[in-house]
Structure formats: structure tokens, C-alpha cells
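Read the structure below first, then the notes.
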Amino acid sequence: MKHLQVAVGIIRNDRGEIFLAQRPSTSHMANMWEFPGGKIEANETAQQALVRELQEETGIEVTDARPYDLADHHYPDLRVTLHFFIVEGWQGEPYGREGQPQRWVEQKALVADEFPPANHDIVARLVAEAAAV
Ligand SMILES: Nc1nc2c([nH]c(=O)n2[C@@H]2O[C@H](COP(=O)(O)OP(=O)(O)OP(=O)(O)O)[C@@H](O)[C@H]2O)c(=O)[nH]1
Ligand SMILES: [Mg+2]
């Protein structure tokens, strides 16, 4: 089975809101909400892929990102390892550069069911940490 390594950015602003994008209707996990990101190429570190993907998908230049968590998931047709980063420094203003709908959501108001199954534990962790503040 194909196994993808994926770099994913949890972009958080100073109001504690997180940037979400909607996956295209024709993609894997169509129409689900996601943290922007994409596949790590063979010649890249996870961090390099993160910077490149956020440039391509949201137009921002990442200046501060730190590793947050890893998630492994087996979809019926595909295995993914997601490398999550918390992104709290960037230049520019993120937007759906590939035309995808976007929204900012308070961290404590994230809803796991809106995300692909591979994200569920991470979303639960983010909500729990927001509630603990
Ligand atoms: N970007 C992103 N991908 C995720 C998340 N959760 C999750 O299961 N994935 C899965 O990770 C895989 C790769 O992500 P992707 O489709 O964004 O990759 P990419 O930007 O390189 O896509 P491309 O092939 O169109 O260039 C997909 O199968 C997608 O369903 C998430 O929160 N963000
Ligand atoms: Mg992507």
C-alpha cells in the first residue's frame, strides 16, 4: 500500500484562532476541513516541505514553526504519516491560494468530525489544551 509522509501546518494567530482550508471536491478526503500542507518530497525535511506547501497553498512565508505531534493512519487505500507543526510566525496573510474555501476557528471550537479521520486525535488534543488555558 502507498505510504505518504505529509507535513501539516496548524497556523495559529494571536487571538488563538486556527486557519482551516477545505479540501477540493475531487481530492482524497474530499470536502473535509484540513490544516494546509502536503506531501514531503524525497529530498526534503518535514520542515522544508511545510514551508514550501504553506507558500503554495496559503501564500505565507513561515518564519516560526515547531514540531507538535505525529499521527499514523491507515485509510482503506492509503497509509499516511502526518507531521504536525504549530506555526505562529509568518509574513503575509494566509488565504486559499488554490481557490479553496478557508476559515479561522477558535482553537477550543474545533470539531474533529469536520477533519479526515487521521486528524481526530490531534484535534482532540488541541481542544483539550485550549480548554486548559
Ligand atoms: N494537507 C493535509 N493533508 C491531510 C490532512 N489530514 C489527512 O489525512 N491528510 C491526507 O494527507 C494526504 C496528502 O495531503 P495533500 O493531499 O494535501 O498533499 P499535497 O498537497 O501534496 O497534494 P497534491 O497531490 O495535490 O500536490 C492526503 O491523502 C490527505 O487526505 C490534513 O490535515 N492536511
Ligand atoms: Mg495539500
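Remember, it's 1-based here, ligands and their atoms both numbered in the order they're listed.
- Counting protein heavy atoms under 4.0 angstrom from atom 17 (O) of ligand 1 gives one or more.
- Checking only distances, Phe35 does come within under 3.5 Å of ligand 1, N or O to N or O.
- Between the choices Thr26, Ile10, Val80, the shortest heavy-atom distance to atom 10 (C) of ligand 1 belongs to Val80.
- Counting just the N/O/S atoms of Glu57, the one with the shortest distance to the Mg ion (ligand 2) is named OE2.
- Looking only at heavy atoms of the protein, atom 32 (O) of ligand 1 is closest to Asn119 ND2, 2.7 Å.
- Nearest-heavy-atom check against atom 9 (N) of ligand 1 across Ile40, Leu82, Val123 picks out Leu82.
- Checked by distance only, ligand 1 and Leu78 stay at 3.5 Å or farther apart across all their nitrogen or oxygen atoms.
- Those atoms of ligand 1 that come under 4.0 Å of a heavy atom in Glu53, given as number and element, are 20 (O), 21 (O).
- Using a distance-only test at 3.5 Å, with no hydrogens or angles considered, a donor-acceptor pair links the side chain of His120 to the main chain of Ala112.
- The closest approach between Arg23 and ligand 1 falls below 4.0 Å for a heavy atom of the residue.
- Considering only non-hydrogen protein atoms, atom 2 (C) of ligand 1 sits nearest to Glu34 OE1, 3.0 Å.
- One N or O on the side chain of Gln102 and one on the backbone of Gly96 form a donor-acceptor pair closer than 3.5 Å.
- Taking every non-hydrogen atom of Ala118 and a distance limit under 4.0 Å, the qualifying atoms of ligand 1 come out as 8 (O).
- Residue Tyr75 approaches ligand 1 through these ligand atoms, each under 4.0 Å from one of its heavy atoms: 7 (C), 8 (O).
- Within the structure, ligand 1 has Glu57 among the residues with a heavy atom less than 4.0 angstrom away.
- By the 6.0 Å and 45° rule, Arg125 stacks over the aromatic ring of Tyr68.
- By the 6.0 Å contact criterion, CG on Asp121 is open, its count of non-hydrogen atoms from other residues, nucleotides or ligands being 12 or less.
- Rounded to the nearest 0.5 angstrom, Glu106 CD and Arg15 CZ are separated by 9.5 Å.
- The Mg ion (ligand 2) has an N, O or S atom of Gly37 inside 2.8 Å of it.
- Near Met29, meaning under 4.0 Å from any of its heavy atoms, are these atoms of ligand 1: 30 (O).
- Ligand-side atoms of ligand 1 in range of His28: 27 (C), 28 (O), 29 (C), 30 (O), range being under 4.0 angstrom from any heavy atom.
- What sits closest to atom 11 (O) of ligand 1 on the protein, heavy atoms only, is Val6 CG2, 3.6 Å.
- Taking the six-membered ring for Trp and the full ring otherwise, Trp33 and Phe115 have centroids separated by 6.0 Å or more.
- The backbone N or O of Gly37 sits less than 3.5 Å from a side-chain atom of Glu57, completing a donor-acceptor pair.
- The single protein non-hydrogen atom nearest to atom 22 (O) of ligand 1 is Lys39 NZ, 3.4 Å, given as residue, atom name and distance.
- Between the Gln107 side chain and the Leu126 main chain, a donor and an acceptor come within less than 3.5 Å of each other.
- Of all the atoms in ligand 1, the ones that sit under 4.0 Å from a non-hydrogen atom of Gly37 are 1 (N), 17 (O), 20 (O).
- Neither the backbone nor the side chain of Phe115 has any atom closer than 4.0 Å to an atom of ligand 1 (non-hydrogen atoms only).
- In summary, the aromatic rings of His73 and Tyr75 are positioned with their centroids under 6.0 Å apart.
- Atoms CD and CD, on Gln22 and Gln100 in that order, are 9.5 Å from each other to the nearest 0.5 Å.
- The shortest side-chain heavy-atom distance between Met32 and Asn119 does not fall under the 4.5 Å cut-off.
- Although no hydrogens or angles enter the test, the distance criterion places no donor-acceptor pair under 3.5 Å between the side chain of Thr58 and the main chain of Tyr95.
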